[in-house]
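So the structure is just underneath, and the comments pick up after that.
Small disclaimer: the values here were computed from a predicted structure and weren't measured. We count ligands from 1, going down the list as the structure has it; atoms in each ligand are counted the same way.
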Amino acid sequence: VSESRPLRVAVVGSGPSGVYAAGHLVEHASGTWLDGRMQRCAPGRVEVDIIERLPTPWGLLRAGVAPDHFAKKKVADLFDSIATRPGIRFLGNVEVGRDVSTAELSEWYDAVVYAVGATHGRLLDVPGNDLPGYWTSRDFVAWYNGHPDFTTRSVDLTADRAVIVGNGNVALDVARILTLPAETLAATDISPHAEEVLRHSAIREVVVLGRRSPADASFTNAELAELEFLPGVDVLVDPGSIGDDVFAGTNANFANARRLATLERLFQRSVQGHPRRIVLRFLASPISLEGAERVQSIQIGHNHVDVSQGGRRVTATDQTSTLDAGLVISAIGYRSTPVPGLPFDETSAVIPTSNSRIMTAEGVLPGAYATGWVKRGPTGIIGNNKLCARNAALAVFADAEAGLLPSENTRSFDAVADTLRQRQPTLVSWSDWRTLDSTERSRGYARGKPRLKMLNVEEMLDVVTRESVP
Ligand SMILES: Cc1cc2nc3c(=O)[nH]c(=O)nc-3n(C[C@H](O)[C@H](O)[C@H](O)COP(=O)(O)OP(=O)(O)OC[C@H]3O[C@@H](n4cnc5c(N)ncnc54)[C@H](O)[C@@H]3O)c2cc1C
């Protein structure tokens, strides 16, 4: 007798790419599994398990996006509506590599889509990068956003200057969080302990260093334009650091021209005398971090842009200077790390793929796919993951219809949950997450915040165990 059953897919990671992938998988479902192939007959016969190592979903939407970006955080409502579609199930507090192996997932499901993101920050490659007081933006952002792996880290904000190395949107996020008034941060979902440390911060100046010129900076105009309206913060462009071409740059590009116009307005603004300030300094590269016990200063090399031959080359000059700073944060990108059992390209720090299919040295790894930052590298906004996830879902369907999925021993929804529960008794279901979510929201409302984040996994599991209806 031929077996007719749903196509069973695991999506590992509940960040934007994982949630979009799950949504596309059930949305595009238009067939049924029969005789070892996906056949078009009955709609909606796909079951997707989203497996997430934390008890909370949404990846960097929760742990990366800046707490004062309220509109962006609303994407969680869309993700919520996707994750509650029929056929999708959330299995939180389950880590692939710890609670379940990639080999087991391949056996239990017809297909597995890896959407594990980029879990590490790129380190500044200069002497002194091991001194306390130096942070990657990955760790610092995770700290202020209440990611449970980072909440116990201690942050020293007793110096009056911080330096951020990098010229992307994350550098500006961090600069805002370090300078915004305590009452502004208090109305966000910033982690409560970060809020407390920042409330007593001695930092008065945050210098944002860019290696290249204003025309080459990679922050978007929207993020830059926000700096014009920050309450209680002066924003200055260091006039000595903008090079001869100043705001001329590569105006051919509309987005670039708008960004340069914003920078020019900031450049021309007079100082208002606010208690804190952000200084944008260009053509400056870190040479070393200095200090006896912890970071006390950063040595900076001055660069020059050569626009003589039609191109734009940034070269180092022999000029250097030193800036006192008690906190240095590098915002120069994230990095994915290998998932045990899967191939990994160490050079570009991604899972190697071809049309979303994971590739080993021998060829396609049957039934294994990747999407999001772990596939493309750590660039792009939330929306960029939608198409990427759709491509992964389409690859799953194409392979299912071609009979290319190895699926003799797949397990039902219930059988998977039973095995996982034996290994991880506090498996977090969707209704458990709902409990956590509403607990955080109601605690937050009481303090005029969108939510009050729980800071460690134990507390989350405690709430789940106490509140769950048996
Ligand atoms: C600081 C920062 C601010 C940003 N701000 C914005 C913004 O304002 N607007 C915008 O549009 N975009 C923003 N982005 C970009 C956006 O966050 C990314 O495009 C997006 O999060 C990438 O999605 P992803 O699913 O690939 O990875 P992630 O969001 O990192 O999700 C990966 C998920 O996989 C889980 N996971 C990892 N390993 C395992 C495992 N072994 N087992 C189970 N689960 C695992 C993780 O816990 C995580 O939940 C920002 C990015 C950063 C870093």
Looking at Arg421, is its backbone amide N or carbonyl O close enough to the side chain of Gln424 to form a donor-acceptor pair, meaning the two atoms are under 3.5 Å apart? no
With distance as the sole criterion, is a donor-acceptor pair present between the side chains of Ser17 and Thr371 under 3.5 Å? no
Can you name the ring-ring contact (aromatic ring centres under 6.0 Å, His included) partners of Phe79, sequence neighbours left out? Tyr20, Trp58
Quiz item: cation-pi between Arg138 and Trp143, 6.0 Å / 45°: no
Just to verify, what does Arg357 make a salt bridge (Lys or Arg N to Asp or Glu O under 4.0 Å) with, not counting sequence neighbours? Asp399
Salt bridge (charged side-chain N to carboxylate O under 4.0 Å, His left out) pairs touching residues 51-70, sequence neighbours excluded, are Arg53-Glu95, Arg53-Asp149, Arg62-Glu440, Asp68-Arg176
For ligand 1, protein residues within the heavy-atom limit of under 4.0 Å are Val12, Gly13, Ser14, Gly15, Pro16, Ser17, Ile51, Glu52, Arg53, Gly59, Leu60, Gly64, Val65, His69, Lys72, Val94, Glu95, Val96, Ala115, Val116, Gly117, Val141, Val170, Asp173, Tyr334, Gly372, Trp373, Gly380, Ile381, Ile382, Asn385
